[in-house]
2 protein chains.
Amino acid sequence: MLPKGNCVNSGNDMVTKEELCKDFTACPITATMEVIGGKWKPIILFNLTFGTRRFGEISVRIPSISRKVLTEQLKELEKDGLVIRKQYEEMPPRVEYSLTEKSKGLVAVFKEISDWGIKNLL
Amino acid sequence: MLPKGNCVNSGNDMVTKEELCKDFTACPITATMEVIGGKWKPIILFNLTFGTRRFGEISVRIPSISRKVLTEQLKELEKDGLVIRKQYEEMPPRVEYSLTEKSKGLVAVFKEISDWGIKNLL
DNA sequence: CGGAATCCACAAAGATACTG
DNA sequence: CAGTATCTTTGTGGATTCCG
């Protein structure tokens, strides 16, 4: 028996090592950070909280991200169900990205992160 | 002039490129993620939200992090003023880590992240 | 315009062994 | 117990070129 308290439940009860590992894999913090974490995803998602954006718009608003990386990140976000990609068959091409119902719930998360950052870092 | 809306202010007003870049460097989301982001820091900090922990305790509760990386991450967190390191001159040695006033404000952040993860990912 | 493909550099992380 | 030191491995991001 180990003291209870992995990332999921870090209280003071006792827990077996098996439960610890099991809980660890189901840690909501880890799971969320894997999906919205990383260097760029929070900024991309936060950008989209203000509405639908074209690829080029996002690129302009986040000047320091390369288009290659932006493409990769958007693909991952789409795969995880956090953004919707809508492609218009026009010339020149147009692609629009927007949040999903799932990711709209992240607005509260970004608000907390932003508030903390303003208060403690800026 | 560009459409206004970097990571800080992604509304629809107009903004100069200079303002865009200026705002970008001051983005509270980016600033916060640089300090609490990464693969391990959220878990480490979340662990400490339950109280003071010894190095070995943290290591047990986060089985998948190596002690070397845990040491590195704790050092960075200490440098950024997010954890306090208290060393007892005993044999065997004892080192305790705890949150600072600054990082205690992150509890709300982790709550939001955790709630969203439970609802949408687990 | 919105990518895809390729190559490259660097930093972060893991493995292992050792120590006050 | 709580780290260091060293080496190796992995992965993320950058630069460039090309395409429908």
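Just so it is clear: chains get the letters A, B, ... in the order the sequence lines come, proteins before strands, and each one is counted from 1.
Residue R94(B) has no polar side-chain atom (N or O) positioned under 4.0 Å from OP1 or OP2 of dA2(D).
Between the CZ atom of R53(A) and the C1' atom of dG2(C) there is a distance of 17 Å, given to the nearest Å. Straight-line distance from the CD1 atom of I62(A) to the P atom of dG13(D): 12 Å, rounded to whole Å. Atom CZ in F55(B) sits about 8 Å away from atom P in dA2(D), given to the nearest Å. Nucleotide dG2(C) holds its P atom 11 Å from the CG atom of L74(A), rounded to whole Å. Across the protein-nucleic acid pair, E89(A) atom CD and dC1(C) atom P stand 17 Å apart, rounded to whole Å. In this entry the distance linking NZ of K75(A) with P of dA5(C) reads 7 Å, nearest Å. In this entry the distance linking CD of E90(A) with P of dC1(C) reads 13 Å, nearest Å. When rounded to the nearest whole Å, the span between CD of E96(A) and C1' of dC1(C) equals 13 Å.
If you chain together hydrophobic residues whose side chains sit under 4.5 Å apart, Y97(B) and V107(B) never meet in one group. Both I65(B) and I43(B) are part of a single hydrophobic cluster, where members link through side-chain heavy atoms under 4.5 Å apart. Put simply, V69(B) and I62(B) are part of the same group of oily side chains (I, L, V, M, F, W, Y) that touch within less than 4.5 Å, one to the next.
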When you compare the protein's N or O atoms with those of nucleotides 18-20 of chain D, which come within less than 3.5 Å of each other, and at what distance?
none

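Between the T49(B) side chain and the F46(B) main chain, a donor and an acceptor come within less than 3.5 Å of each other. For the pair S98(A) (side chain) and T52(A) (backbone), a donor-acceptor distance under 3.5 Å is absent. In this structure a side-chain-to-backbone donor-acceptor pair under 3.5 Å is present from W116(A) to K102(B). At least one donor-acceptor pair under 3.5 Å links the side chain of T32(A) to the backbone N or O of I113(B). At least one donor-acceptor pair closer than 3.5 Å links the side chain of T100(A) to the backbone N or O of G81(A). No donor-acceptor pair under 3.5 Å is formed between the side chain of S59(B) and the backbone N or O of G56(B).
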Contact pattern, 5' to 3', of nucleotides 9-16 of chain C - B, S or - by protein heavy atom under 4.0 Å: ----BBB-
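End-to-end axis angle for the helix from dC1(C)-dG20(D) to dG20(C)-dC1(D), using five pairs per end and rounding to 10°, comes out at 60°.
With respect to E101(B) and K104(B), a salt bridge is recorded, a charged nitrogen being found less than 4.0 Å from a carboxylate O.
Using a 4.0 Å heavy-atom distance criterion, Y88(B) is classed as making no nucleic acid contact.
Under the 4.5 Å side-chain criterion, counting only non-hydrogen atoms from C-beta, L45(A) is not in contact with P42(A).
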